Amino acid sequence: MSVGLLHLVCLSLLASAGAIVNHQRTAKVSVSTSPSGTNGSDTVSSAVVSAGRKYLIASFPDLRQVAFTILPDNVWYPLVTGDVLTPMALAVDSQNMRLFVADPGNNLVWKYRIYVRDDGLLATSGRPLAAVEKFKAHWLATNGVGDLYFTGHRQPEDNQTFNGSDSLWIMPSGSIALGQTFNPIDLYTRENSGAPDPKVNQISGVAIDTFGVYWGNQAGGKLNGALCKGAPYNGVVSQDAGNLETVNSAMDEVRGVTLTGNEVFWLSPEGVYGQSKYSDNQVQDASTGLLVAGSAANETWNPMSLVWDGNSLLYMINMDSNTEDTGVIYTVPAYGSPGQVFSKFADAPDSYGLAILNTRSSAGNSKSKKSTSSAALPGGLALTASISLAFSALSVHNY
């Protein structure tokens, strides 16, 4: 897959002290930090705020930024800027109001305290801290108690080349709370997931619920399992690969994975798939469970991350597009029946990771802050006005 170069050629910051403007071709994505939401299309409607809030959070690695929208609006607001080198996979611990951001360029996973401001916008609180260090993490998921599951590998000492394969790790919530960042638990690996065809081959997307942890393989899925399932961590790492299941082996490659109450959904080059979490039969037919073919996107189909909104929709990133600005977020109904269609939610040039945060208007996670900013530039310069993101060349990321 070719990799292009994305340049941030224009950042317009309007502040009381003045304005700095560089004029270049402006992308279709705009990011606003207007606290009152009174700037035309940037308005946060009172209905959205009063009904309880649902946030779609996305990472933009080439911009070194994480941004969010307040659903169902598709206006992007900055949440994390400048702290991360390569923000990619995301996960939200809604119980503890933490956002996790995989930063493989820095060999760590960040954790951010997040809260809902009085005006309904999402913001970070305090300094970002490391949740995992000395690891290249590629996919993230959290469970109901705040344990962090991730795929990746320990970074070799002295910058030596890593020649192994990624594993599935867990950083328990207790370790995260205590700041113990160096010793996650190696849960499922190529060595303990079966022989001669291990179910952890080239592990990709991961999702977790009370009864199982699901992962995909981005290569060798027909042999090793395209979508696999194991038991969550219960204090002991099992060496019995007989307890692992191959859910689907009908395709070679799976990327993003997400769960609803009764179903598991995943993305592949063939399209969007889904099936019951409780099926006992391994699926080997690529037409079974196909909700919508990738060709139906009317664009080059290069899917990446996938999340469920907690209600009726799946949100997914298609990293390629036939439009001038590459990268689109689509929605598909979260029902495991064929014949679904893509709906375009927003342009999202060079986005990568997605996460959903569901809150209630009376949840008490909104707190007053003297600062009115949703993010800050390096050096402490708060963003108090609209930001325009502009691009000169747009890239396709390898995953």
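These numbers come from a predicted model, not from an experiment. Starting from 1, each residue takes its place in the sequence as its number.
Atom CZ of F211 has 12 or fewer neighbouring heavy atoms from other residues, nucleotides or ligands inside a 6.0 Å radius.
Side-chain atoms of D309 come within 3.5 Å of backbone N or O of L313 as a donor-acceptor pair. For D186 (side chain) and T189 (main-chain N/O), no donor-acceptor pair under 3.5 Å exists by modelled atom type. Remark: side-chain polar atoms of D103 are paired, donor with acceptor, to backbone N or O of T86 under 3.5 angstrom. Judged by distance alone, with hydrogens and angles left aside, the side-chain atoms of T246 form no donor-acceptor pair with the main-chain N or O of N248 at under 3.5 Å. Between the side chain of N201 and the backbone N or O of A219, at least one donor-acceptor pair lies under 3.5 Å. In this structure, the side chain of N217 does not engage the main chain of G220 through any donor-acceptor pair within 3.5 Å.
You'll find the side chain of D347 reaches within 4.5 Å of the side chain of V328, heavy atoms only. Between S59 and Q65, every side-chain heavy-atom pair lies at or beyond the 4.5 Å cut-off. Counting only heavy atoms from C-beta outward, the side chains of H138 and M88 never approach each other to under 4.5 Å. In this structure the side chain of Y233 never reaches within 4.5 angstrom of the side chain of D147, judged on heavy atoms. Contact of the T210 side chain with the P232 side chain is not registered, since no non-hydrogen atoms from C-beta on lie closer than 4.5 Å. Considering only heavy atoms from C-beta on, Q282 stays 4.5 Å or farther from V247 through its side chain. Using a 4.5 Å cut-off on side-chain heavy atoms (C-beta onward), Y112 and V80 make contact. Here the side chains of L187 and S167 are not in contact, with every heavy-atom distance at 4.5 Å or above.
Using modelled atom types and a 3.5 Å distance limit, the side chains of T300 and N302 yield no donor-acceptor pair. Using a 3.5 Å distance cut-off with no hydrogens or angles, the side chains of S204 and Q218 do not pair a donor with an acceptor.
Note on M316 and W308: same hydrophobic cluster, where clusters join Ile, Leu, Val, Met, Phe, Trp and Tyr whose side-chain heavy atoms are under 4.5 Å apart, directly or indirectly. Under the 4.5 Å side-chain heavy-atom criterion for Ile, Leu, Val, Met, Phe, Trp and Tyr, F265 and V283 are members of distinct hydrophobic clusters. Note on V213 and V145: separate hydrophobic clusters, where clusters join Ile, Leu, Val, Met, Phe, Trp and Tyr whose side-chain heavy atoms are under 4.5 Å apart, directly or indirectly. Cluster annotation: L267 is not connected to Y335 through the hydrophobic network of ILVMFWY side chains, with a link wherever side-chain heavy atoms come within less than 4.5 Å. Both V307 and F345 belong to a single network of hydrophobic side chains, linked directly or stepwise wherever heavy atoms of I, L, V, M, F, W or Y lie under 4.5 Å apart.
Residues A346 and N74 approach most closely at CB-CB, 4.0 Å, considering heavy atoms. When all heavy atoms of L354 and A58 are compared, the pair lying nearest together is CD2-CB, 3.8 Å. The minimum heavy-atom distance linking V257 with G216 is given by the pair CG2-N, 4.2 Å. Residues G212 and I208 come closest through the heavy atom pair O-CD1, 3.4 Å. In terms of heavy-atom proximity, P87 sits nearest to P61 at O-CG, 3.1 Å. Across all their heavy atoms, A250 and A286 have their closest contact at CB-N, 3.5 Å.
Side-chain rings of W76 and F60 approach one another, their centers coming within less than 6.0 Å. Aromatic rings from W215 and Y188 are positioned such that their centres are separated by under 6.0 Å.
Separation of atoms OG1 (T151) and CD (Q202) is listed at 11.5 Å; rounding is to 0.5 Å. Interatomic distance, CG of L291 versus CD of Q275, reported as 10.0 Å (0.5 Å rounding). Rounded to the nearest 0.5 angstrom, L122 CG and R117 CZ are separated by 9.5 Å. Residue E133 holds its CD atom at 8.5 Å from CH2 of W110, rounded to the nearest 0.5 Å. We find the OG-NZ distance between S249 and K199 to be 10.0 Å, quoted to the nearest 0.5 Å. Summarising the geometry, atom OG1 belonging to T258 is positioned 11.5 Å from atom CD belonging to E263; distances are rounded to the nearest 0.5 Å.
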- Message: Using the rule given for side chain to side chain donor-acceptor pair (under 3.5 Å), can you reason through N281 versus S279, listing the C-alpha separation, both sets of side-chain angles and the distance that settles it, and then say yes or no?
- Response: CA-CA 6 Å; N281 299 319; S279 173; 4.7 Å; no

- Task: Check the pair I203, L168 against side chain to side chain contact (heavy atoms under 4.5 Å, CB included), reporting the backbone distance first and the verdict last.
- Result: CA-CA 8 Å; I203 191 169; L168 178 60; 3.9 Å; yes

- Query: So I329 and L56, side chain to side chain contact (heavy atoms under 4.5 Å, CB included) or not? Walk me through it.
  - Reply: CA-CA 11 Å; I329 295 177; L56 179 69; 4.3 Å; yes

- Verdict with supporting geometry, V237 and N192, side chain to side chain contact (heavy atoms under 4.5 Å, CB included): CA-CA 10 Å; V237 176; N192 72 4; 4.1 Å; yes

- Task: Could you check F68 against L121 for side chain to side chain contact (heavy atoms under 4.5 Å, CB included), going step by step and ending with a plain yes or no?
- Result: CA-CA 9 Å; F68 70 94; L121 297 181; 4.2 Å; yes

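The aromatic rings of Y352 and W139 are tilted relative to each other, their planes meeting at an angle between 30° and 60°.
For Y273, the ring pair (Phe, Tyr, Trp, His ring centres under 6.0 Å) partners at least two apart in sequence or on another chain are W266.
One finds a salt bridge joining K277 and D209 here, because a Lys/Arg side-chain nitrogen approaches an Asp/Glu carboxylate oxygen to under 4.0 Å.
Checking each of I356, T69, I114, T359 against Y55 for a side-chain contact (heavy atoms from CB on, under 4.5 Å) leaves exactly one that passes, namely T359. Checking K136, R154, K134 one by one against N107, the side chain to side chain donor-acceptor pair (under 3.5 Å) holds for a single residue, K136.
In this structure, I176 shares a hydrophobic cluster with F100, V109, V132, F135, L140, L148, F150, W169, M171, the cluster being traced through Ile, Leu, Val, Met, Phe, Trp and Tyr side chains under 4.5 angstrom apart.
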